[in-house]
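Atom set for the values below is all heavy atoms of this structure, side chains included, hydrogens, waters and symmetry mates excluded. Here the structure is a predicted model, which is why all the values come from computation and not from measurement.
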There are 2 protein chains.
Amino acid sequence: MNERQIQQVRRFNRIVTQHVGALEESYLQRGRPLGQARLLHEFGPDGVEVRALRERLKLDSGYVSRLLRSLQAQGLVTTLSRTGDGRVRHVVLTAKGRAERETYDALSDELAASFLVPLEPAQRERLVNAMAEVERLLRAGGVELRLERPDSAAARACLNQYFQELAERFESGFNPARSNPAGDEDMTPPAGFFIVAWLDGQPVGCGALKRGDGATGEIKRMWTSPTARGLGIARKVLRALEEKARESGLARLRLETNRSLTEAQALYRQEGYREVAPFNREPYAHHWFEKQL
Amino acid sequence: MNERQIQQVRRFNRIVTQHVGALEESYLQRGRPLGQARLLHEFGPDGVEVRALRERLKLDSGYVSRLLRSLQAQGLVTTLSRTGDGRVRHVVLTAKGRAERETYDALSDELAASFLVPLEPAQRERLVNAMAEVERLLRAGGVELRLERPDSAAARACLNQYFQELAERFESGFNPARSNPAGDEDMTPPAGFFIVAWLDGQPVGCGALKRGDGATGEIKRMWTSPTARGLGIARKVLRALEEKARESGLARLRLETNRSLTEAQALYRQEGYREVAPFNREPYAHHWFEKQL
DNA sequence: TTCATTCTCTGACTTTAGTCAGAGAACGGG
DNA sequence: CCCGTTCTCTGACTAAAGTCAGAGAATGAA
């Protein structure tokens with residue numbers, strides 16, 4: 001990281017806030033304070049619980065209550081106690097509220113369009129691509145790896161999605177019972193490790209290392225959530241697992257993969273894994289890889 | 001412009017405001033309201049006039065006055081009437097004020113660094129490049145072309161910088177008196193046109209069309225400020241001049257250029273100009289171009 | 001010299017966006 | 001059924017960020 005990079009980031013921050021700041025003005029044009037307007041965006045199709053609102057926006061409970069009452073007075077929301085719990089209030093948008101939110105949405109669209117309109121088609125495409133890249137890399141910066149127990153809620157969530165994705169992508173479907181097992185105990189220290197990647201408080205990827213009994217470890221359960229692909233998460237997880245392997249004194253890592261998982265194969269090759277002859281009878285595998293640490 | 005692009009821009013806006021919004025928090029840590037903190041960034045080495053402050057930040061005069069008095073009470077600025085005009089007040093930073101501004105600057109640096117730190121070197125470079133691209137294209141969107149009289153202040157400013165740049169870049173220097181003339185009258189409607197490109201209220205580029213007496217017009221005075229290069233300004237100006245030429249019933253455009261102006265030559269070729277034999281005795285020219293409209 | 005204008009400042013006021021303390025209803029484990 | 005906890009709401013308060021009207025000094029064109 002150098003001075004040039006820092007200065008570029010600062011220039012970027014300056015110009016982008018100038019541009020994006022216009023959104024607040026345009027929201028205010030609707031004659032409603034920003035606090036209220038922001039609230040409208042938090043409603044799902046089934047509404048929200050007040051406590052969820054409070055937590056998501058990190059606002060004082062009294063403040064939220066007051067904001068909701070203003071919205072209610074304007075006929076934009078109605079409050080009801082839907083859940084079994086009589087303490088929590090459920091708030092839903094009325095038809096008028098939904099219309100109002102649409103309007104704010106249209107204002108956001110307008111602002112976005114105003115960035116694109118003055119440009120020529122080729123420039124527009126360049127802008128959008130550059131924005132996607134910035135978005136990706138800013139998000140990537142928020143990724144955090146944590147060692148978790150394989151039976152933790154986060155790990156379970158990842159594994160379920162992983163298995164489901166395998167079932168969809170493998171030509172033959174996927175049945176965990178037919179595959180070589182990697183039990184929880186194999187992925188729990190010191191026998192192995194299970195790493196979960198977190199983004200915005202959500203688990204978005206995982207990977208496991210099974211140490212085995214010799215100098216060769218196995219990489220298992222490498223997965224990244226579709227919502228977080230392109231952020232380099234799998235690579236980060238893989239490198240962290242390799243680090244763990246080195247710490248554990250392993251000399252070599254192995255893994256096998258299915259031919260339909262092409263991104264994974266590309267990653268392994270980039271990271272220095274060489275394809276080798278099959279070293280096990282995993283029925284779902286088509287490629288076997290190995291790397292000397 | 002399509003839905004996909006709009007949605008990408010909106011996603012970008014959302015994530016960037018989240019990230020950049022952290023700057024306000026970090027500024028507030030200094031225990032001073034944002035309004036005051038923002039003011040500190042507006043002081044040049046010679047200070048500012050209060051009225052300039054008011055205009056630049058578009059704030060109420062009473063409000064600015066009050067903000068300045070708070071800063072003064074904190075010993076960060078001093079007020080004096082430096083100009084001949086006894087009504088306008090001149091405000092300068094004290095040593096303490098300069099130190100304070102440095103501190104805010106460091107906070108901005110820190111925020112910028114926090115974007116880069118979690119990334120790997122290659123990703124950092126990608127982020128910085130993408131940010132530069134976004135910055136460039138957002139700025140490009142703010143460019144506006146206006147027809148100006150060649151003797152207007154804006155046109156004069158452009159031409160002076162243009163001549164100065166030629167003097168620096170031509171191996172032989174540049175003396176307008178030795179060059180083929182293009183007088184103000186040749187660039188004033190209906191004999192010709194002078195276009196100035198504006199960005200953020202500053203003239204940042206120009207170009208002229210001299211209609212001549214036949215069906216052939218001449219492009220002259222194509223220039224872009226070094227502060228605004230890479231935004232496609234010259235191309236925009238050139239196309240606007242061609243449009244004017246078509247409206248005027250011209251069938252052909254000509255121009256000549258010096259061999260040291262390589263970007264200009266590249267532009268002309270891209271825009272469909274063909275190099276032709278010299279059609280005049282301009283002493284500073286090495287290349288002559290022509291385009292059928 | 002006069003008079004409209006410009007520039008800065010002061011006082012009075014408003015809205016927004018919170019914070020804090022506590023009340024009262026509902027819940028849930030023992 | 002009791003009691004501590006959770007959830008929402010109300011009242012009272014504050015700071016920030018402005019807005020508005022007008023006063024007073026300085027300026028400059030007629």
For this session: Considering just the side-chain nitrogens and oxygens of Arg89(A), establish if one lies under 4.0 Å of OP1 or OP2 belonging to dT8(D).
Result: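 It does not, given that no N or O in the side chain of Arg89(A) lies less than 4.0 Å from OP1 or OP2 of dT8(D).
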Taking salt bridge (Lys or Arg N to Asp or Glu O under 4.0 Å) as the definition, give me every residue that meets it alongside [X], ordered by chain and number, with sequence neighbours left out.
X         : result
Arg38(A)  : none
Arg51(A)  : Glu49(A)
Arg54(A)  : none
Arg146(A) : Glu144(A), Glu148(A)

Can you pull every protein N or O that's under 3.5 Å from an N or O on nucleotides 28-30 of chain D?
none

Exercise. With sequence neighbours left out, which residue pairs that include part of residues 94-103 of chain B fulfil the side chain to side chain donor-acceptor pair (under 3.5 Å) condition?
Worked result: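 Matches after skipping sequence neighbours: Arg30(B)-Glu100(B), Arg32(B)-Glu100(B).
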Problem set entry | Of residues 23-36 of chain A, the positions that come close to DNA chain C - non-hydrogen atoms, cut-off under 4.0 Å | Pro33(A), Leu34(A), Gly35(A)
Problem set entry | Within residues 55-79 of chain B, residues whose heavy atoms come under 4.0 Å of DNA chain C | Ser61(B), Gly62(B), Ser65(B), Arg66(B), Arg69(B)
Exercise. For Glu165(A), what residues pass the side chain to side chain contact (heavy atoms under 4.5 Å, CB included) criterion, not counting sequence neighbours?
Worked result: Arg169(A), Trp223(A), Arg229(A)
Exercise. Who are the side chain to side chain contact (heavy atoms under 4.5 Å, CB included) partners of Leu116(A), not counting sequence neighbours?
Worked result: Arg124(A), Leu127(A), Val128(A), Met1(B), Gln5(B), Val9(B)
Protein-nucleotide distance ([X], atom [atom1]; [N], atom [atom2]), rounded to Å:
X        : N       : atom1 : atom2 : answer
Leu53(A) : dC9(D)  : CG    : P     : 11 Å
His90(B) : dC7(C)  : NE2   : C1'   : 15 Å
Arg38(B) : dA16(D) : CZ    : P     : 13 Å

For this session: Scan for ring-ring contact (aromatic ring centres under 6.0 Å, His included) pairs involving residues 36-80 of chain A, sequence neighbours excluded, and state none if there are none.
Result: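 Listed by first then second residue: Tyr27(A)-His41(A).
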For this session: Could you tell me the separation between the CG atom of Asn2(A) and the CD atom of Gln7(A), rounded to the nearest 0.5 Å?
Result: 10.0 Å
For this session: Check side chain to side chain donor-acceptor pair (under 3.5 Å) between Glu135(A) and all other residues, then give those that pass, not counting sequence neighbours.
Result: Gln8(B), Arg11(B)
